[in-house]
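Keep in mind it's a predicted model, so treat the numbers as computed, not measured. Just the heavy atoms: all of them, side chains too, but no hydrogens, waters or symmetry mates, feed the values below.
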Amino acid sequence: PGNGWSRHDPEWPAHPGHRDEPGPGIPVEDGCVMAITYHHDIVQGTQQWLDIRLGLLTASEMCRIITPSTLKAAANDEMRAHVYEIAAQRISQYVEPAYVGDDMLRGQEDEIDARDLYRERYGPTEECGFITNDEFGFKIGYSPDGLVGDDGLIEIKSRRQHFQVETTIKGVVPTKHAIQVQTGLLVSRRNWCDFVSYSAGLPMDVITAEPIAEFQEAIVAAATAFEAKVADAIEAYHAAVKRRGLAPTERRLERELISI
């Protein structure tokens with residue numbers, strides 16, 4: 001899985017999991033897939049998309065709570081900061097605006113070009129704003145870059161050229177992105193994900209990843225521990241506000257330009 005093979009290579013072996021039915025492990029009741037919800041009508045980046053992600057642990061942030069190289073739950077400042085961020089969103093029911101830099105703007109344009117090239121070269125994809133799965137006792141979210149048939153995904157990354165050269169030589173999903181890919185497969189319970197590495201001016205690389213039990217078990221364990229920490233933080237916050245008699249305030253949208 002993700003080891004230099006692509007399912008688009010002529011030598012890619014037939015895989016019994018590539019089929020048009022729910023992937024392994026998906027709860028099914030009365031013929032309906034349970035726990036997993038596809039939000040096809042939501043456009044990524046819109047206010048509706050921000051609202052549905054509010055207070056959720058998502059695939060793109062999973063690398064903040066788990067160390068990819070060891071698959072152990074992280075215990076560092078970045079993880080603790082994310083605990084407080086998710087706790088704050090659940091308390092305030094608000095997502096603070098994020099700064100959009102040059103890399104993000106380039107990535108938005110590259111994603112469109114990469115998806116078009118993928119469709120031209122490999123086949124059709126379907127856009128979907130958000131997927132959630134609550135089978136773990138809590139909900140995890142994932143924003144796919146595309147759905148392929150009934151069992152596939154694409155995850156597109158806009159890369160600087162030195163990263164693209166490295167990825168093409170190694171032929172594997174980069175460690176920093178492997179957790180996101182595996183979380184996407186876990187949330188969607190799909191059977192494969194094409195990791196699409198794009199750097200304009202260089203050949204687009206497509207590496208197929210399949211679910212890896214070791215990764216996904218570590219993700220669920222780290223997410224479970226994270227959710228407990230968030231719950232503790234929320235309880236501690238409300239207790240502190242009550243104990244100290246803090247005065248409430250009202251949010252003024254015109255003041256939402258925040259210097260971090």
Side-chain angles (χ1 to χ4, degrees), residues 34-37 39 42-101 103-104 129-143 175-180 182-184 186-188 215-260:
M34 307 301 290
I36 301 172
T37 304
H39 299 273
I42 290 178
V43 177
Q44 293 182 19
T46 62
Q47 186 60 49
Q48 191 178 17
W49 179 75
L50 290 173
D51 290 343
I52 202 168
R53 296 173 82 254
L54 186 150
L56 290 185
L57 182 59
T58 63
S60 61
E61 302 292 345
M62 195 65 71
C63 62
R64 300 180 66 179
I65 73 164
I66 187 170
T67 305
S69 59
T70 64
L71 296 185
K72 293 182 179 180
N76 52 34
D77 289 344
E78 187 174 18
M79 182 279 294
R80 286 184 283 272
H82 200 48
V83 167
Y84 291 127
E85 172 60 29
I86 295 301
Q89 289 181 15
R90 294 180 186 179
I91 291 166
S92 68
Q93 290 297 293
Y94 180 76
V95 179
E96 290 178 335
Y99 172 73
V100 179
D103 283 348
M104 188 173 293
F130 201 57
I131 305 173
T132 59
N133 188 330
D134 60 6
E135 69 179 85
F136 319 104
F138 49 86
K139 190 177 291 186
I140 302 177
Y142 173 56
S143 301
T175 301
K176 66 177 293 186
H177 300 304
I179 293 295
Q180 181 179 2
Q182 287 297 319
T183 304
L186 175 68
V187 170
S188 66
F215 270 73
Q216 296 192 348
E217 289 166 5
I219 289 166
V220 172
T224 301
F226 178 83
E227 286 290 335
K229 289 182 173 65
V230 172
D232 288 345
I234 292 172
E235 183 179 355
Y237 170 81
H238 286 306
V241 169
K242 182 177 180 179
R243 182 180 70 254
R244 298 171 61 193
L246 301 182
T249 64
E250 292 185 5
R251 186 177 306 281
R252 294 184 178 179
L253 296 181
E254 66 269 21
R255 288 189 178 181
E256 285 307 325
L257 216 54
I258 299 173
S259 176
I260 300 176

Set of residues satisfying side chain to side chain contact (heavy atoms under 4.5 Å, CB included) with respect to [X], sequence neighbours excluded:
X   : value
E85 : H82, Q89
S92 : Y94, R251
A88 : none
Q93 : L54

Test item: [X] and [Y] side chains (from C-beta on) under 4.5 Å apart, heavy atoms:
X    : Y    : result
T132 : L56  : yes
Y142 : F130 : no
T183 : F215 : no
I219 : I65  : no
I131 : T37  : no
F138 : I140 : yes

- Message: Quick test of your reading: applying ring pair (Phe, Tyr, Trp, His ring centres under 6.0 Å), list the pairs with at least one residue in residues 59-78, sequence neighbours left out, ordered by first then second residue.
- Response: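 Matches after skipping sequence neighbours: none remain.
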- Query: Which pairs pass ring pair (Phe, Tyr, Trp, His ring centres under 6.0 Å) with one or both residues in residues 230-253, sequence neighbours excluded?
  - Reply: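 Passing the test, one end in residues 230-253: no pairs.
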Enter the distance from [X]:[atom1] to [Y]:[atom2] here, rounded to the nearest 0.5 Å.
X    : Y    : atom1 : atom2 : value
N76  : T67  : CG    : OG1   : 6.5 Å
I52  : Q44  : CD1   : CD    : 11.5 Å
S143 : Q180 : OG    : CD    : 9.0 Å

- Any sub-3.5 Å donor-acceptor pair from Q216's side-chain atoms to Q182's backbone N or O?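 Here the side-chain-to-backbone pair exists.
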- Taking N133 for the side chain and V187 for the main chain, is one N or O donor matched with an acceptor at less than 3.5 Å?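 At least one qualifying donor-acceptor pair exists.
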Below 3.5 Å, can you tabulate the donor-acceptor pairs from side chains in residues 221-229 to any protein atom, sequence neighbours excluded?
from : atom 1 : to   : atom 2 : distance (Å)
T224 : OG1    : V220 : O      : 2.7
E227 : OE1    : R90  : NH1    : 3.1
E227 : OE1    : R90  : NH2    : 3.2
E227 : OE2    : R90  : NH2    : 3.1

- Scan residues 56-67 for pairs that pass salt bridge (charged side-chain N to carboxylate O under 4.0 Å, His left out), counting only residues two or more places apart or in two chains.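 Listed once each, the pairs are E61-R64, R64-E78.
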Taking every non-hydrogen atom, the tightest pair across [X] and [Y]:
X   : Y    : result
A74 : M79  : O-CE, 3.4 Å
V83 : A233 : CG1-CB, 4.2 Å
L71 : A218 : O-CB, 3.4 Å

List the residues meeting side-chain hydrogen bond (donor to acceptor under 3.5 Å, both in side chains) with [X], not counting sequence neighbours, and say none if there are none.
X   : answer
D51 : Q47
D77 : R80
T58 : R53, S60

